[in-house]
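A short write-up of the structure that comes next.
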Amino acid sequence: MFENLSDRLSRTLKNISGRGRLTEDNIKETLREVRMALLEADVALPVVREFVNSVKERAVGQEVSKSLSPGQAFIKIVQSELERAMGEANEALDLAATPPAVIMMAGLQGAGKTTSVAKLGKLLRTRHKKSVLVVSADVYRPAAIKQLETLATEVDVEFFPSDVSQKPVDIAKAAISHAKLKFIDVVIVDTAGRLHVDEAMMDEIKALHATVNPVETLFVVDAMTGQDAANTAKAFNEALPLTGVILTKVDGDARGGAALSIRNITGKPIKFLGVGEKTDALEPFHPDRIASRILGMGDVLSLIEEVERGVDKDKAMKLASKVKSGGGFDLEDFREQLQQMKNMGGMMNMLEKLPGVGQLPPEALAQVQDGKMTGQMEAIINSMTSKERKNPDLIKGSRKRRIALGSGTQIQDVNRLLKQFTQMQKMMKKMSAKGGMKKMMRGMSGMLPPGMKFPGR
Ligand SMILES: Nc1nc2c(ncn2[C@@H]2O[C@H](COP(=O)(O)OP(=O)(O)O)[C@@H](O)[C@H]2O)c(=O)[nH]1
Ligand SMILES: [Mg+2]
């Protein structure tokens with residue numbers, strides 16, 4: 001996500017970070033580079049201008065000259081201007097309406113509307129405990145309706161059948177009546193892709209909007225289209241009162257121009273990011289966290305939230321008490337940890353949120369991509385006997401060969417896994433000796449929902 005922009009900006013800012021004094025010259029030079037970085041990221045020109053002017057104004061002013069480390073103060077300004085360009089704070093969905101609250105999707109063909117309906121349905125069902133009904137008003141392709149049905153089954157939300165012979169308005173009306181009868185909280189209406197210049201199609205969606213009276217009208221747009229994303233959103237908004245944007249395919253967008261331009265050009269908030277093809281690859285959009293990610297400082301808050309959702313708390317607690325009681329950490333525990341990491345949507349997704357990961361060599365990152373690495377590690381542990389997992393010291397020459405053969409790996413892979421395990425075990429021992437685990441748990445408890453606690457404290 002945004003790696004080109006992130007590289008450019010981090011490099012530029014590194015140069016200035018250590019400066020004890022900022023002169024007009026080095027501010028000018030840095031601003032020039034920031035401007036280039038933004039233009040290369042395909043940020044819309046008016047946004048670039050405003051951005052650079054604001055940074056400049058603040059950089060030559062009191063804020064920096066009075067600071068103890070002007071270089072750092074400069075970076076802080078860039079960070080806060082990045083946040084501002086993206087809208088400062090997270091804007092959540094507003095579902096306050098007499099049920100059912102209706103959410104309508106709009107956008108170009110292939111933007112990711114249908115996928116986003118499923119992702120959002122899943123998020124509302126699991127994180128917000130809402131009952132959700134999805135319906136397709138895409139009557140131009142039978143495959144589109146079928147696609148939504150399949151996805152609805154996958155994410156376990158109710159699907160309201162529709163047919164290409166029906167009118168979008170009739171479909172939506174029927175779905176909403178059904179939702180009322182069944183006391184369903186949220187109805188998400190998927191629509192066909194359209195161009196803002198296609199008058200007939202825009203009239204159709206306007207009529208649909210008037211009929212369903214949605215609390216949220218979300219414009220779904222592909223991040224890879226850069227500043228065009230902002231311009232299409234603006235054009236749609238002129239025909240249809242949008243309430244927010246879902247920016248999709250951010251996982252493949254190295255530049256970030258769309259994310260940085262949309263708010264300014266349209267006045268509408270980005271509410272979610274689509275970060276992958278899977279149905280759990282949807283993240284609430286937090287400008288501050290993304291700004292920090294762009295500057296290579298990581299997004300630790302989102303990481304913690306993900307960990308909390310993905311971790312099986314019972315298992316985590318068992319593991320914690322085991323370590324605390326000095327019961328030892330064996331390969332069975334290690335495997336459990338690997339499985340939990342997989343549940344959290346893959347290591348790559350998590351790693352990206354850690355500070356400084358941008359500076360890692362690409363080969364190292366490629367190794368963990370797609371969970372290939374965790375899959376292999378798990379296969380190796382699976383090929384061990386239960387006795388071996390509990391007593392890793394047993395694993396010597398011939399056992400290693402057998403394990404490598406059984407898991408379709410090389411002896412080096414088995415060795416690497418054992419080394420990683422030993423490191424992990426050492427860390428666990430250290431933590432339990434110092435009572436550090438307890439401290440860590442206490443720290444984490446503060447972040448749990450009210451009323452939830454880790455046991456043993
Ligand atoms: N990598 C990635 N692919 C996505 C994302 N959202 C959607 N897609 C893919 O984009 C394609 C079009 O998506 P679809 O939901 O059918 O678009 P629609 O025409 O707007 O309904 C599909 O292949 C999706 O898997 C995303 O956030 N990341
Ligand atoms: Mg679709």
Side-chain angles (χ1 to χ4, degrees), residues 1-3 103-123 132 134-155 157 159-164 166 168 171-172 175 187-196 198 201-202 204-205 208 216-226 228-229 232-233 235-236 240 242 244-259 262 270-285 290 293 302 306 345-346 348-349 352-353 369-371:
M1 181 196 287
F2 310 152
E3 51 271 26
I103 301 174
M104 191 172 106
M105 302 288 183
L108 309 183
Q109 175 112 33
K113 293 179 296 301
T114 306
T115 313
S116 298
V117 169
K119 289 176 176 177
L120 196 55
K122 185 175 190 178
L123 183 140
V132 178
V134 299
V135 60
S136 174
D138 185 349
V139 293
Y140 303 94
R141 293 180 309 138
I145 300 175
K146 186 76 200 147
Q147 181 195 4
L148 185 64
E149 182 174 10
T150 308
L151 284 168
T153 311
E154 189 195 318
V155 301
V157 300
F159 169 76
F160 189 81
S162 54
D163 185 275
V164 289
Q166 293 173 284
I171 293 171
V187 176
I188 312 179
V189 182
D190 191 15
T191 61
R194 68 200 72 220
L195 295 168
H196 69 93
D198 184 337
M201 286 298 277
M202 289 311 282
E204 182 205 84
I205 203 167
L208 188 61
E216 291 279 357
T217 306
L218 301 174
F219 185 70
V220 181
V221 67
D222 180 342
M224 304 220 254
T225 58
D228 275 349
T232 18
F236 261 76
L240 206 62
L242 302 175
V245 173
I246 298 183
L247 191 60
T248 62
K249 309 186 196 179
V250 174
D251 49 311
D253 175 29
R255 299 183 304 170
I262 284 174
I270 298 174
K271 294 198 168 177
F272 293 96
L273 298 178
V275 293
E277 292 189 42
K278 297 213 184 101
T279 49
D280 53 6
L282 187 73
E283 295 181 2
F285 181 70
I290 297 296
R293 249 199 253 185
S302 294
E306 250 163 59
M348 195 57 199
N349 210 343
E352 273 199 354
K353 299 192 175 74
Q369 207 142 19
D370 302 330

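One-based numbering, in listed order, for ligands and for the atoms of each.
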With a cut-off of 2.8 Å, does Thr114 place any N/O/S atom under that distance from the Mg ion (ligand 2)?
yes

Which residue supplies the protein heavy atom nearest to atom 19 (O) of ligand 1, what is that atom called, and how far is it?
Gly110 N, 2.8 Å

Keeping the roles fixed (side chain from Lys122, backbone from Glu154), state whether a donor-acceptor pair exists under 3.5 Å.
no

Please examine the side chains of Leu151 and Thr279, heavy atoms only from C-beta on, and report whether any two atoms are closer than 4.5 Å.
yes

For Glu3 and Met1, indicate whether the former's side chain and the latter's backbone hold a donor-acceptor pair under 3.5 Å.
yes

Thr232 and His196: which non-hydrogen atoms are nearest, and at how many Å?
CG2-CD2, 4.3 Å

Considering distance alone, does some N or O of Lys119 sit under 3.5 Å from an N or O of ligand 1?
yes

Can you tell me the protein heavy atom closest to atom 26 (C) of ligand 1 and the distance?
Gly276 O, 3.1 Å

Specify the protein heavy atom at minimum distance from atom 18 (P) of ligand 1: its residue, its atom name, and the distance to 0.1 Å.
Lys113 N, 3.4 Å

Using a 4.0 Å cutoff against the non-hydrogen atoms of Val275, which atoms of ligand 1 qualify?
27 (O)

Taking the side chain as C-beta and beyond, is there a heavy-atom pair between Leu218 and Leu120 under 4.5 Å?
yes

State, to 0.1 Å, how close Ala258 and Ala223 come at their nearest heavy-atom pair, and which atoms those are.
CB-O, 3.6 Å

Minimum-distance protein heavy atom relative to atom 23 (O) of ligand 1
Glu277 OE1, 4.4 Å

Testing the basics here: between Thr191 and Ala106, what is the closest heavy-atom pair and its distance to 0.1 Å?
OG1-CA, 3.9 Å

Mode of Met224 contact toward ligand 1 - side chain, backbone, both, neither (heavy atoms, under 4.0 Å):
neither

So do Ile290 and Leu273 actually touch side chain to side chain, heavy atoms under 4.5 Å?
yes

Over all atoms of both residues, closest heavy-atom pair of Ala152 and Val134:
CB-CG2, 3.8 Å

If you compare Thr248, Asp251, Thr114, Thr115 by their heavy atoms, the one closest to atom 28 (N) of ligand 1 turns out to be Asp251

Would you indicate whether the side-chain heavy atoms of Val221 and Phe236 approach each other to under 4.5 Å?
no

Atom 4 (C) of ligand 1: nearest protein contact (heavy atom, Å)
Lys249 CG, 3.7 Å

Report yes or no: does a heavy atom of Gly193 sit under 4.0 Å from some atom of ligand 1?
no

Protein contact of atom 17 (O) of ligand 1 - nearest heavy atom, named by residue and atom, plus distance:
Gly112 N, 3.0 Å

The protein heavy atom nearest to atom 16 (O) of ligand 1 is Gln147 NE2, 3.0 Å

Please could you name the atoms of ligand 1 that Gly274 approaches to less than 4.0 Å, counting only its heavy atoms?
27 (O)

Heavy atoms only, cut-off 4.0 Å: how does Val250 contact ligand 1, side chain, backbone, both, or neither?
neither

